[in-house]
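Here is the structure we will look at.
Only heavy atoms go into these numbers, but all of them, side chains included; no hydrogens, no water, no symmetry mates. A, B, ... follow the sequence lines: proteins, then strands. Residue 1 opens every chain.
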Amino acid sequence: MRVITLLTDFGTRDYFVPSMKGVILKICKDVHIVDITHEVPPQNIRRGALILWACYKHFPRDTIHLVVVDPGVGTERRPIIVRSRNYYFVGPDNGVLIPAAEDDGIVRVYEIEIDKISRSRKISRTFHGRDIFAPAAALLAAGIDVEKIARPIENYERSIVIERPRRTGNMFQAQVIYIDRFGNVYTNIREEDLEGRPRNIIVKLGPDDKVLNLPFVDAYGMVPPGHDLALINSEGFLELSTNFGDFSKKYNVKELDKLIVMVEY
Amino acid sequence: MRVITLLTDFGTRDYFVPSMKGVILKICKDVHIVDITHEVPPQNIRRGALILWACYKHFPRDTIHLVVVDPGVGTERRPIIVRSRNYYFVGPDNGVLIPAAEDDGIVRVYEIEIDKISRSRKISRTFHGRDIFAPAAALLAAGIDVEKIARPIENYERSIVIERPRRTGNMFQAQVIYIDRFGNVYTNIREEDLEGRPRNIIVKLGPDDKVLNLPFVDAYGMVPPGHDLALINSEGFLELSTNFGDFSKKYNVKELDKLIVMVEY
Amino acid sequence: MRVITLLTDFGTRDYFVPSMKGVILKICKDVHIVDITHEVPPQNIRRGALILWACYKHFPRDTIHLVVVDPGVGTERRPIIVRSRNYYFVGPDNGVLIPAAEDDGIVRVYEIEIDKISRSRKISRTFHGRDIFAPAAALLAAGIDVEKIARPIENYERSIVIERPRRTGNMFQAQVIYIDRFGNVYTNIREEDLEGRPRNIIVKLGPDDKVLNLPFVDAYGMVPPGHDLALINSEGFLELSTNFGDFSKKYNVKELDKLIVMVEY
C-alpha cells in the first residue's frame, strides 16, 4: 500500500482537492492519501517548499509527494517528477519541490509527458492538479515505471527558502523564515550556529525595532504563561515564542522580516 | 475497497464529522473515506449541490457520495438514496443531491427506512448525519442491497443551481454561480455558449456597475501579476480572474450577483 | 485494519499533523487514520477533552485515540496511555484523555517509556506529538503489547469538563459548556435533569443579562427561519439555538458563561 501526500494552496472549501483524490482513487485504489496541508497562501511557492521540506522525510520510503502550488499553470512551465533517494516528488517546475528533494538527495528529474498519462481526457489549462499531477502520482503509486510517463531532463528551477544568517561574533543578522499557527517565530539560526547553550537571546524586531531579552529554555512550559522565551524547536531552529500566547501578533512580526539576534552565553 | 465521500456544512472544528466517520468504520472497515468539503456555508443547499456536481464524477464507479447539508433535519423531509448510473448518493430530500445525480443519470430514488438501518440505536432529531445517513452509506459500502434499507419513491425535491444566461446577440444577462478560494468568479456562461474564441470580454458588475474590458486568455499566467483576465476554466465556465490577485474582493462581487457580459470576437 | 484518530490543537496549515501521520505510516501501514479535529483552540485542554468525549465511542472497538493538546510539552508532565474497556487513549497526562476514558471505563493507566519507543531517534522538547505519541499509537496499532512500551502507574491528572448545574425547583444555575460552528449553545443541563417535556425555556444570559423565552421543540426547522428555540441535542444536552442563524453571536454568549434557566412545563 503506497502513500501519496497532497500539498496545495487550494484550500479545503472548494472541489479542487477532492477532485484530485477522486482521480487518484480511480487509477489506484490501494493507496493511502495523506493531506500535508492545503492552506499554503495562494501562489506562495516559498511557503509550500518549506512545509514540504519540514515533513517529507517522516513518510515511508517511496511515498509520492504531490505538490500543487502552481501560479504558472497553463503556461510554459513544465510538469515534473523528481526521483530522490527515498521519495518521488510530483509537481510544477517552479522550485517548490526542490528544497525537500535536495535534502533527500536528487537522483533524477523528469518532465511528465502529458500524452502518456491521459490519452483520452481533455487537459484543462487551469487545473493541472487534477488533469496532470494527480494521474501522474497515481500511476507511480500503481507501480508504473517513471520512464513510461516522463523523460529525463537536465535543468529545472531551483528555489532557496532558507538563507543563511550573517554572523559577527555572537551577533546574527537573521530572518524570520516561518510563523506557525501558534504564532511561534522561526529564525534562520540553527542549533549548530550556536556555540553551546545560550543563557539569553537578545533580539531586535518588528516595525519599531523593539529590543527583547528572552530567556533561553528547553520547552514552552519553562516560563510562566504569557512570558516570552527562546528555544531550539523541533526542526532545529532558534524560535521566539510566548508561553500560552502568540509571539508574532504580540510584536507584529511577519515572515521574511529581518532580525538582529545577539546570543548571550 | 469502496469509496465514501463526505460533503457537509459541519465545519471541521466540532465532533460532527469524526462521529460520522466512526459510525462508518464500525459498520464497514474496508472503505476509503474522502472528504469533499465540510465548509459549505451553514444551510447553503445550493453551494453544496454545486460542489458535489463539480467533483462527483472524478471518483471511481460505485462511490457512495454522502451529503449532509440539511436545514430540515428532524422535520418531515425524507432521508433518501439516489442510485444513478455510476454512483450512489445519500442525503436529505432537499435537492442537494439532484444536480450531480441528474448529470450522471438518475436510475431510481429511494427513501431510507430508518428502522432497517438502526434497530437498536436511538435516532437523534438533530444529527441524522451520524444516526441515519452514515449508517446507510456504510451499509451500501458493505455491499448490502439498497432495497434492503430503502424503498423506491417517485417524487423528490429538485434544485436548480445553474440557471441558463439570457442572450441577445453577443450580450449575455449572466449570473455569478461560484466564487472559489482564490476569488475567481465563475459566470453561468459556458464554453459552448461562445461562438469561437473571444478577443475580449466586457463585463458590467458589482455594486456600482463597474465596466471592465478583460483580455480573454488561456491561463492565469498569460497576463502580468495584478492584471485582470477572463478564461474558460476547468469546469467549462467563463471565469473572471486577477492573476496573483482576488478578483471578487477587488470588485466586490458576490455569488448570485447579476452580470452583463459582452463578448468581442 | 486498526483505526487511529488524531485530535490536536495544531491546526491544519503547518507541517505538524502530516509529520505525525508520516511517522505512524512508517511504523504501521495497515491503519485508518481519522482526523477528529485539529482546531482545538491552542492549549485548550477542556475543549479537547469535551470533543473527544463526544465522539470517541462511535469508533470501532480497539481504536487508538491519539490526542495532543499539550501545553506542558517538554516539562515534567508524563506521556501516558490509558486502556479503557474498548479503546486506547494516547496523550499527555494533563487530563485531556480522562473524561472520555472514564466514560468508557478505565482499565489501567500507563506511562510511556520513551526509550522503548524510539531507541534511535532524537526526541525534541517541543513536538512530542511526532516524537513520542505518534510512535506509541502506531506501535499499538501494529499489535505490540502496551506493557512493552509503557509501565502501569497509579496516579494521573483528572479534569472535569462538565460541571453539574445547580437546581432549585424548575430553576437551574447552569453553564455554557460548548458552542458549535453553527453558534448553537450547549448548556450543562441534560435531558434527564428535566421532568418530562418542557413547554418553554426561559433563560437569562449574555453580558447584559438578557431574558429570553424560547419555545422547546424537537428540531431546528420547527420554528421559522431567524427564530430562537431550545431543544435536546444529539448529545443529550439542553441547547439554545436560532434556526438558520447563530444564537451565540446574536446574544454574545461565550463558552463557560453562566446562565439562569427556568423550565416551564
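Annotation: A/Asn155, atom CG; neighbour count of heavy atoms from other residues, nucleotides and ligands within 6.0 Å does not exceed 12. Annotation: A/Glu76, atom CD; neighbour count of heavy atoms from other residues, nucleotides and ligands within 6.0 Å does not exceed 12. Atom CD of A/Glu102 is surrounded by more than 12 heavy atoms from other residues, nucleotides or ligands within 6.0 Å. No more than 12 heavy atoms of other residues, nucleotides or ligands shown are found within 6.0 angstrom of CZ on B/Arg85. More than 12 heavy atoms of other shown residues, nucleotides or ligands fall within 6.0 angstrom of atom CD in A/Glu147. Remark: A/Leu256 CG is packed, more than 12 non-hydrogen atoms of other residues, nucleotides or ligands lying under 6.0 Å away. Enclosure of atom CD1 in A/Ile153 by more than 12 non-hydrogen atoms of other residues, nucleotides or ligands within 6.0 angstrom is indicated.
To the nearest 0.5 Å, atom CZ of residue B/Arg2 and atom NZ of residue A/Lys29 are 7.5 Å apart. Taking CZ of B/Arg181 as the reference point, atom CG of A/Asp9 lies at 6.5 Å (rounded to 0.5 Å). Taking CG from B/Asn184 and CG from A/Asp14, the interatomic distance works out to 9.0 Å, rounded to the nearest 0.5 Å.
Ion pairing between a basic and an acidic side chain is recognised when a charged N comes within 4.0 Å of a carboxylate O; A/Arg130 and B/Glu235 show such pairing. A salt bridge links B/Asp218 with A/Arg125: the closest approach of a Lys/Arg side-chain nitrogen to an acidic carboxylate oxygen falls below 4.0 angstrom. The existence of a salt bridge linking B/Glu191 and A/Lys122 is confirmed by a sub-4.0 Å separation between a basic side-chain nitrogen and an acidic carboxylate oxygen.
Counting heavy atoms from C-beta on, the side chains of A/Pro71 and B/Phe244 come closer than 4.5 Å. Taking 4.5 Å as the limit, every side-chain heavy atom of A/Lys26 sits out of range of all side-chain heavy atoms of B/Lys57. No side-chain heavy atom of B/Cys55 sits less than 4.5 Å from a side-chain heavy atom of A/Lys21.
In terms of heavy-atom pairs under 4.5 angstrom with chain A, the leader among B/Pro60, B/Ala54, B/Pro225 is B/Pro60. Comparing B/Ile36, B/Ile51, B/Val40 by heavy-atom pairs within less than 4.5 Å of chain A, the highest count is held by B/Ile36. Most heavy-atom pairs under 4.5 Å with chain B: of the set A/Gly74, A/Gly72, A/Ser124, A/Ser19, this distinction falls to A/Ser19. Of the listed residues (B/Arg61, B/Met1, B/His32, B/Glu239), the one with the most heavy-atom contacts under 4.5 Å to chain A is B/His32.
Heavy atoms closer than 4.5 Å to chain B are found nowhere in A/His128, neither backbone nor side chain. At a 4.5 Å heavy-atom cutoff, B/Leu52 makes no contact with chain A through either its backbone or its side chain. Neither the backbone nor the side chain of A/Arg77 comes within contact range of chain B, judged by heavy atoms closer than 4.5 Å. At a 4.5 Å heavy-atom cutoff, A/Asp35 makes no contact with chain B through either its backbone or its side chain. Residue A/Val17: no heavy atom, backbone or side chain, is found under 4.5 Å from chain B. For a residue to count as touching a neighbouring chain, one of its non-hydrogen atoms must lie under 4.5 Å from one of that chain's; by this rule B/Tyr56 does not touch chain A.
In this model, no donor atom of one side chain and acceptor atom of the other lie less than 3.5 Å apart for B/Asp180 and A/Tyr15.
A side-chain donor-acceptor contact under 3.5 Å links B/Thr37 to the backbone of A/Thr12. Counting only distance, with no hydrogens or angles, the side chain of A/Thr126 and the backbone of B/Ser234 share a donor-acceptor pair below 3.5 Å.
Under the 30°/60° scheme for interplanar angles, the aromatic rings of A/Phe16 and B/Phe182 are found to be tilted.
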